[in-house]
Structures are given as structure tokens and as C-alpha cells.
Amino acid sequence: ARAPDEILQADLISMEPLSEVKANVASFILIAVDVFTRKMRATPVNSKDPEVVVEGLKRIGVRGGVPKGALSVDRGGEWGGAVLTFLDGLNPPVSIICKDSKDDLAVVDRAGGLLKKALYWEMRSDRTSAWAPLLANLVAGHNERPHVALGSAPPNRVGAGDEMMDLMVLKANTKKMERSAQAWVKSKRGIEVGSKVRLKLKQQTRQFQRGTAAQYSNRVHTLSLIHI
């Protein structure tokens, strides 16, 4: 791709393990990614039926001239029938290219994997089983971040391009640390900043030695608050 909206790679992400939960209204996510900009479009769909997929394509903005080049997909049956009729009937028509290899759809495959992981992180963080209401915000967050365009040099850091997943993991880990700290405080009533404590030493066990009472360090430590 040499320009925005030239080629969109599209796929259906299965959310079937959660589809029976009353809070969710769909079993799949229709996702399309602009190969040039890496911008993502996504919407819930009820099934892989081509007629249902057509309605999803309309919601994510597929219309005459968008994409200008082609919609690139796998050879699944969901892209036949009504989908072909819909794309051919647009003005101008939109071509569809079926790929045999996952490598040929690496852009949408990777984006879909990150989106699904981010959804699970958010669901766990918010303690909810409803993924559909979270979808729009995650897609918007992904699209607001800079992305590496095809053919350009990647940033000089590990994990380049995993911006969304990095953010979601950081958010989840931060909340986990907060919950752990709160649980620790509740279990150690009376201990606060400024308290004097001794560290519990790891018990050393040797052959034929019976367990003994826990041992503590001779050095006394003062608890302080560290801002990271």
C-alpha cells in the first residue's frame, strides 16, 4: 500500500466462548486494518453469515472508493455470496483479494490478536464479562497512537509496534499492584509508613533437620513511601 485507504485487510475474530453471556450481543468482531496507516476499524457481528458481514462492513465505513484498491481477506466462506455482491455493487466497485497464507494477512492478524488480548485485560480489570461496550474505546485508543507504516524503519526498541498491548499490560499490572498493596495493608493492620520492622528470613532446611520457628533479621528497617 502506498496511501491511506488503498488496501484494507479484514478478518473475523471469534469471541464465541463469551457469546452466551447475556451482556454480550455478538459472537464475532469484524476487524479491518489499513495496511498503510495501521488504523483499525472494528464492530461486533452476530455470526459469520455473509449477509451479517455485509452490515458490519457498512458500519466500519466500507463504501464506494473505500478501500480504493482492495479488501484483502482469507478464503473463508463469510467473504462470499452477499459480500461479493455488496462490494461489486458499490460505486466505484471495491475489489476483494483472497489470500491463502496467514503471512499475507499479517497486519490484520497481529492487530486482531492485540485487540483480543486488550479486551480480555480490560474485562478482567473492570471485572465485567461484557466485551462489546469496551470495543469502541480500545479501537479509538489504538488509532490515537503512532504506528509503524509498512516499509519504514522500526523504532530502536524492543517490542516496537506493540503500543496498545504495552499500554494495556501496564494498566493491568498497575491495578494489580494497587490491589496487592491494599490487601497487604489490610492483612498488616497497625503497620504504616514510619513503622519499624524486621525482615523475615528464608528458612534454611538441611538434611535430617526439623522445621524451626521463623527467623528474622537483626537489622531494623523503617517503612517509607517510594514514588515511582
Side-chain angles (χ1 to χ4, degrees), residues 1-15 25-119 131-152 154 160-165 167:
R2 292 175 289 183
D5 288 334
E6 183 177 353
I7 296 178
L8 296 182
Q9 290 187 3
D11 197 11
L12 285 177
I13 303 173
S14 174
M15 300 295 285
V25 296
S27 300
F28 299 91
I29 300 172
L30 172 61
I31 178 175
V33 180
D34 188 313
V35 173
F36 185 82
T37 65
R38 296 299 199 268
K39 300 296 184 184
M40 180 191 298
R41 310 167 187 216
T43 186
V45 291
N46 295 329
S47 72
K48 299 176 75 172
D49 186 83
E51 284 78 10
V52 175
V53 174
V54 166
E55 295 306 313
L57 290 172
K58 293 177 182 178
R59 288 197 298 273
I60 64 174
V62 173
R63 58 189 184 277
V66 181
K68 303 169 187 174
L71 186 69
S72 186
V73 299
D74 60 24
R75 292 191 177 276
E78 61 270 25
W79 305 111
V83 172
L84 292 176
T85 302
F86 165 68
L87 296 176
D88 191 53
L90 294 174
N91 185 22
V94 171
S95 301
I96 189 166
I97 299 176
C98 295
K99 299 291 187 179
D100 293 310
S101 171
K102 256 194 172 183
D103 293 338
D104 295 328
L105 296 169
V107 174
V108 71
D109 185 63
R110 179 177 168 280
L114 290 176
L115 178 61
K116 191 170 184 177
K117 290 176 182 177
L119 277 170
W131 59 265
L134 304 172
L135 186 60
N137 283 339
L138 285 179
V139 171
H142 170 83
N143 290 339
E144 288 171 3
R145 300 181 65 83
H147 300 281
V148 181
L150 192 64
S152 63
D162 286 345
E163 297 93 351
M164 183 176 69
M165 194 59 196
L167 181 63

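No hydrogens, no waters, no symmetry mates; every other heavy atom, side chains included, goes into these values.
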Practice problem: Decide if atom CZ of R63 counts as having more than 12 heavy atoms of other residues, nucleotides or ligands within a radius under 6.0 Å. | Solution: no
Practice problem: Would you confirm whether H142, through its side chain, and R41, through its main-chain N or O, come within 3.5 Å as a donor-acceptor pair? | Solution: no
Exercise. Flag the pair L119 / L138 as yes when at least one side-chain heavy-atom distance between them is below 4.5 Å, and no otherwise.
Key: yes
Practice problem: Give a yes or no answer on whether the side chain of R110 reaches the backbone of L105 with a donor-acceptor pair at less than 3.5 Å. | Solution: no
Quiz item: Are side-chain heavy atoms of I29 and T43 found at a separation under 4.5 Å?
Solution: no
Exercise. Return the set of residues passing salt bridge (Lys or Arg N to Asp or Glu O under 4.0 Å) with E6 (not counting sequence neighbours), or none when no residue passes.
Key: none
Quiz item: Sequence neighbours excluded, which residues qualify as salt bridge (Lys or Arg N to Asp or Glu O under 4.0 Å) partners of K68?
Solution: none
Quiz item: Closest heavy-atom contact between G65 and V94?
Solution: N-CG2, 4.3 Å
Quiz item: Is the shortest heavy-atom distance from the side chain of L71 to the side chain of I97 under 4.5 Å?
Solution: no
Quiz item: Where do L8 and D34 come nearest, in terms of heavy atoms and distance?
Solution: CD2-CA, 3.5 Å
Quiz item: Which atom names give the shortest non-hydrogen contact between K58 and F86, and what distance separates them?
Solution: CE-CE1, 3.7 Å
Exercise. Kindly indicate whether the side chain of V45, heavy atoms from C-beta on, has any atom under 4.5 Å from the side chain of R59.
Key: yes
Practice problem: Apply side-chain contact (heavy atoms from CB on, under 4.5 Å) to C98 and V73, showing your working. | Solution: CA-CA 5 Å; C98 295; V73 299; 4.2 Å; yes
Quiz item: Among V108, V107, I60, L115, which one satisfies side-chain contact (heavy atoms from CB on, under 4.5 Å) with M40?
Solution: L115
Quiz item: Does any non-hydrogen side-chain atom of L30 lie less than 4.5 Å from one of D11?
Solution: no
Quiz item: Where do P44 and W131 come nearest, in terms of heavy atoms and distance?
Solution: CB-CH2, 3.8 Å
Quiz item: Would you say Q9's side chain and D104's backbone share a donor-acceptor pair under 3.5 angstrom?
Solution: yes
Quiz item: Any sub-3.5 Å donor-acceptor pair from K39's side-chain atoms to E144's backbone N or O?
Solution: no
Practice problem: Identify the heavy atoms of G80 and P50 that sit nearest to each other, and give their distance. | Solution: O-CB, 3.4 Å
Practice problem: Considering non-hydrogen atoms only, spot the tightest contact between V66 and G61 and give its length. | Solution: CG1-O, 3.6 Å
Quiz item: Which pairs count as side-chain hydrogen bond (donor to acceptor under 3.5 Å, both in side chains) when at least one residue sits in residues 72-99, sequence neighbours excluded?
Solution: D74-W79, R75-D100
